[in-house]
2 protein chains.
Amino acid sequence: MQRATHATLHLIATELVDLDLTVSEINALANLADGQGRTVSQLGAAVGARPTTLTSVLDRLERRGHITRGTRAGDRRSVLIELTDSGRAAAAVITQTLTTMETRTLAGLPAEAVAGFYAVLDALVKEGP
Amino acid sequence: MQRATHATLHLIATELVDLDLTVSEINALANLADGQGRTVSQLGAAVGARPTTLTSVLDRLERRGHITRGTRAGDRRSVLIELTDSGRAAAAVITQTLTTMETRTLAGLPAEAVAGFYAVLDALVKEGP
DNA sequence: TATTGTTATACTCTATAACTATA
DNA sequence: TATAGTTATAGAGTATAACAATA
């Protein structure tokens, strides 16, 4: 499983090499792709990254002009992460590439296998920390 | 998939916390558990780690007394990795724990799901880099 | 007093390139 | 010259703890 994950992440990074982003940055942008802002906590929960990791990931994305950090109405401790225009463009490329890859990979496999795959993944996530 | 892998690795590390080993070290010992020596290249191919990563992993395992580095008859460029007594003991704990965890996790799932899971993993590994 | 996010520190993994010692 | 492994270097993820601002 570890090898499959690594191979897949490597393949994604290779396909998206033009964007010059790390896996974590791709992950963050993909999660923000719907255009809705998220706080750092929300994004961290979604991508499964620690706050401290996310800080440096967001630092790089902000430096590249892909996101902005703003304050959220209601709670001024929270930081609201939102996509810029270039961030939206990158996120669109990412989601389209991921969809294409997923379709291509799963195309040759029986539907039961794919269903079983997701069922096991689900069980593993629930068993986890 | 990334989350499931991460959760699983974290769970393994938690179950084996007494051994005080990293995921890569556990991975290496598990691969050596059959008692057969392996060269650095062979071990790297088996665990999917770069030579440079393996060097530092093996450095730590050697310092802890879990493995020895020897020369292989026939080609003195190769380094033969072998388990010591303490390495064998640790490897035995690891394989037993992994077997127990796998059985426990997959017990509640239909056999078709598990078969599909492995089929998809296989396809992903082959698609990879 | 508790929560949100950042900073600091230390360790591990990754990738690339240069190096050695053998072949 | 080519291969096996190590060393060097820099970037990135992880974990823990301490911290400032806000609640």
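Letters A, B, ... mirror the listed sequences (proteins, then strands); counts begin at 1.
Across all strands, Thr52(A) comes closer than 4.0 Å to base atoms (heavy-atom distances). Residue Arg72(B) is classed as having no contact, given no heavy-atom separation below 4.0 Å to the nucleic acid.
Projected onto DNA chain D by closest heavy-atom contact, Gly48(A) and Leu80(B) fall at different nucleotides, the more 5' of which corresponds to Leu80(B). Between Ser56(A) and Val79(B), it is Val79(B) whose nearest contact on DNA chain D lies nearer the 5' terminus.
Rounded to whole Å, the distance from CG on Leu54(A) to P on dA12(D) is 15 Å. Atom CG of Asp59(A) is separated from atom P of dA8(C) by 11 Å (rounded to the nearest Å). The CG-P distance, from Leu9(A) to dG13(D), rounds to 11 Å in whole Å. At whole-Å resolution of the value, CG in Leu43(A) and C1' in dG13(D) are 15 Å apart. The distance between atom CD1 of Ile81(A) and atom P of dT4(C), rounded to the nearest whole Å, is 14 Å. Rounded to an integer number of Å, the gap from CZ of Arg60(A) to C1' of dA12(D) is 6 Å. Rounded to whole Å, the distance from CD on Gln42(A) to C1' on dT3(C) is 14 Å.
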I'd like a list of close polar pairs between nucleotides 20-23 of chain D and the protein, N/O only, cut-off under 3.5 Å.
from, atom 1, to, atom 2, distance (Å)
dA23(D), OP1, Arg76(A), N, 2.9

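When side chains are defined from C-beta on, Leu54(B) counts as touching Val47(B), because their heavy atoms get closer than 4.5 Å. In this structure the side chain of Ile12(A) never reaches within 4.5 angstrom of the side chain of Thr97(A), judged on heavy atoms. At a threshold of 4.5 Å between non-hydrogen side-chain atoms, the residues Thr99(B) and Thr103(B) count as touching. You'll find the side chain of Phe117(A) reaches within 4.5 Å of the side chain of Leu124(B), heavy atoms only. Counting heavy atoms from C-beta outward, Leu80(B) and Thr71(B) have side chains that stay 4.5 Å or more apart.
Rounding to the nearest 0.5 Å places CE of Met1(B) at 4.5 Å from OG1 of Thr5(A).
Taking only side-chain nitrogens and oxygens, Thr53(B) comes nearer than 4.0 Å to OP1 or OP2 of dT14(C). At dA15(D), one or more side-chain N or O atoms of Arg50(A) fall inside 4.0 Å of OP1 or OP2 (strictly under the cut-off). One finds a side-chain N or O of Thr55(A) lying less than 4.0 angstrom from the OP1 or OP2 phosphate oxygen of dT6(C).
Using a 4.0 Å cut-off between a side-chain N of Lys or Arg and a carboxylate O of Asp or Glu, Asp59(A) and Arg69(A) qualify as a salt bridge. Between Glu25(A) and Arg63(A) no salt bridge is recorded (no basic side-chain N to carboxylate O distance below 4.0 Å).
In the region residues 19-34 of chain B, proximity to DNA chain D at under 4.0 angstrom, judged on heavy atoms, holds for none of the residues.
Taking the side chain of His6(B) as heavy atoms from C-beta on, and the options dT6(D), dT4(C), dT14(D), the nearest nucleotide is dT14(D).
Side-chain polar atoms of Ser78(A) and Thr39(A) form no donor-acceptor pair below 3.5 angstrom.
Shown are Leu32(B), Val57(B), Thr84(B); of these, the side chain to side chain contact (heavy atoms under 4.5 Å, CB included) with Ile67(B) is made only by Leu32(B).
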